[in-house]
Amino acid sequence: MGEVRPIVRVGDPVLHAPCEPVTRFDDALRALVDDMFASMYAADGVGLAANQIGVPLRVFVYDCPDDDGVRHRGVVVNPALELPGVGERRLDAGEEGCLSVPGQYAPLPRSDRATVHGSDAEGRPVTVEGTGMLARCLQHETDHLDGHLYIDRLPAKRRKQVLAAYEQSLTTGQIPTNNPPST
């Protein structure tokens, strides 16, 4: 039952700097997590990093399906991303979007499997293993906490196109909403 906070948009410095590790697992952290879930759901997202609501801490929430369509929901504090080795990695070239660059999507190859190790909001160890969209979400949200947006991984020409389309949507006031889920 958190408070919906505004989503920070591309260009805000909080999105482009590494986030600080969480050191206190207290009521303030639990309230932040509640606000993050409320904000993610209000924006029709499947994942949200704390810096996307202006808080530069290493925390993300998620609620999305895996490759088998099983829905996973949770929080990871101080995540460490683990990907399969290069020889074992298979890439999924699906489209990716971001609540901080609303309405814009681009194909972005990501590992089809990913694992994060971290803590829950109480400080207990958690490990989340994901395939499909969940794997993409784990990678995307960890990137946010490292100060990177998905568009930073795109080839320069495609990144410029996405940003130009985003700027155009702001000018016209028409941000498309009928696209794949965003994180």
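The first residue in the sequence is number 1, and the count goes up from there.
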message: Using only atom types and a distance under 3.5 Å, with no angle test, would you say the side chain of D68 pairs donor to acceptor with the backbone of V70?
response: no

query: If we only count heavy atoms from C-beta on, is the L32 to R5 side-chain gap below 4.5 Å?
result: yes

Pairwise side-chain contact, Y150 with R110, heavy-atom cut-off 4.5 Å (strictly under): yes

- request: For S119 and F25, work out which heavy atoms get closest and say how close.
  value: CB-CE2, 3.9 Å

- prompt: Do side-chain atoms of N51 reach the backbone of L145 as a donor and acceptor pair under 3.5 angstrom?
  reply: no

- prompt: Does R73 count as lying over the ring of F37, i.e. NZ or CZ under 6.0 Å from the six-ring centre, within 45 degrees of the axis?
  reply: yes

task: Check for a donor-acceptor pair, side chain of D152 on one end and backbone N or O of L149 on the other, with a separation under 3.5 Å.
output: yes

query: What is the minimum heavy-atom distance between P56 and V14, and which atoms define it?
result: CB-CG2, 4.1 Å

- prompt: Within the side chain of T131, is there an N or O that forms a donor-acceptor pair under 3.5 Å with the backbone of D66?
  reply: no

message: Does E20 have more than 12 heavy atoms from other residues, nucleotides or ligands lying within 6.0 Å of its CD?
response: no

field: Over all atoms of both residues, closest heavy-atom pair of D92 and R136
entry: O-NH2, 2.9 Å

Non-hydrogen atoms of H144 and C98 that approach each other most closely: NE2-SG, 3.4 Å

message: Using the rule that Ile, Leu, Val, Met, Phe, Trp and Tyr join whenever any side-chain heavy atoms are under 4.5 Å apart, tell me whether L108 and V10 fall into a single cluster.
response: yes

message: If you define the side chain from C-beta out and look only at heavy atoms, does anything of S100 sit under 4.5 Å from R9?
response: no

Hydrophobic cluster membership, L29 vs V128, 4.5 Å side-chain cutoff: no

message: Tell me whether E141 contacts the main-chain N or O of A49 through its side chain, where contact means a donor paired with an acceptor under 3.5 Å.
response: yes

- prompt: Backbone N or O of S111 within a donor-acceptor pair of the Q139 side chain at under 3.5 Å?
  reply: yes

- prompt: Going through the checks in order, is the side-chain contact (heavy atoms from CB on, under 4.5 Å) test met by C19 and L57?
  reply: CA-CA 5 Å; C19 293; L57 290 174; 5.5 Å; no

Expected output: side-chain R58 to main-chain V22 donor-acceptor under 3.5 Å: no

field: V76 reachable from M40 in the ILVMFWY side-chain graph, under 4.5 Å edges
entry: no

query: If you take all heavy atoms of G130 and L138, which pair is closest and at what distance?
result: N-CD1, 4.0 Å

message: Any heavy-atom pair between the side chains of I53 and I7 that's under 4.5 Å?
response: yes

- prompt: If you count the non-hydrogen atoms of other residues, nucleotides and ligands that lie under 6.0 Å from CD in E129, is the total more than 12?
  reply: no

- prompt: Same hydrophobic cluster for V55 and V77, using side-chain heavy-atom links shorter than 4.5 Å among ILVMFWY?
  reply: yes

- prompt: In terms of heavy-atom contacts, does CZ of R153 have more than 12 from other residues, nucleotides or ligands at under 6.0 Å?
  reply: no

query: Between V126 and L48, is there a shared hydrophobic cluster once you connect ILVMFWY residues whose side-chain heavy atoms come closer than 4.5 Å?
result: no

query: Of all heavy-atom pairs between R113 and R90, which one has the smallest distance, and what is that distance?
result: NE-NH2, 4.2 Å

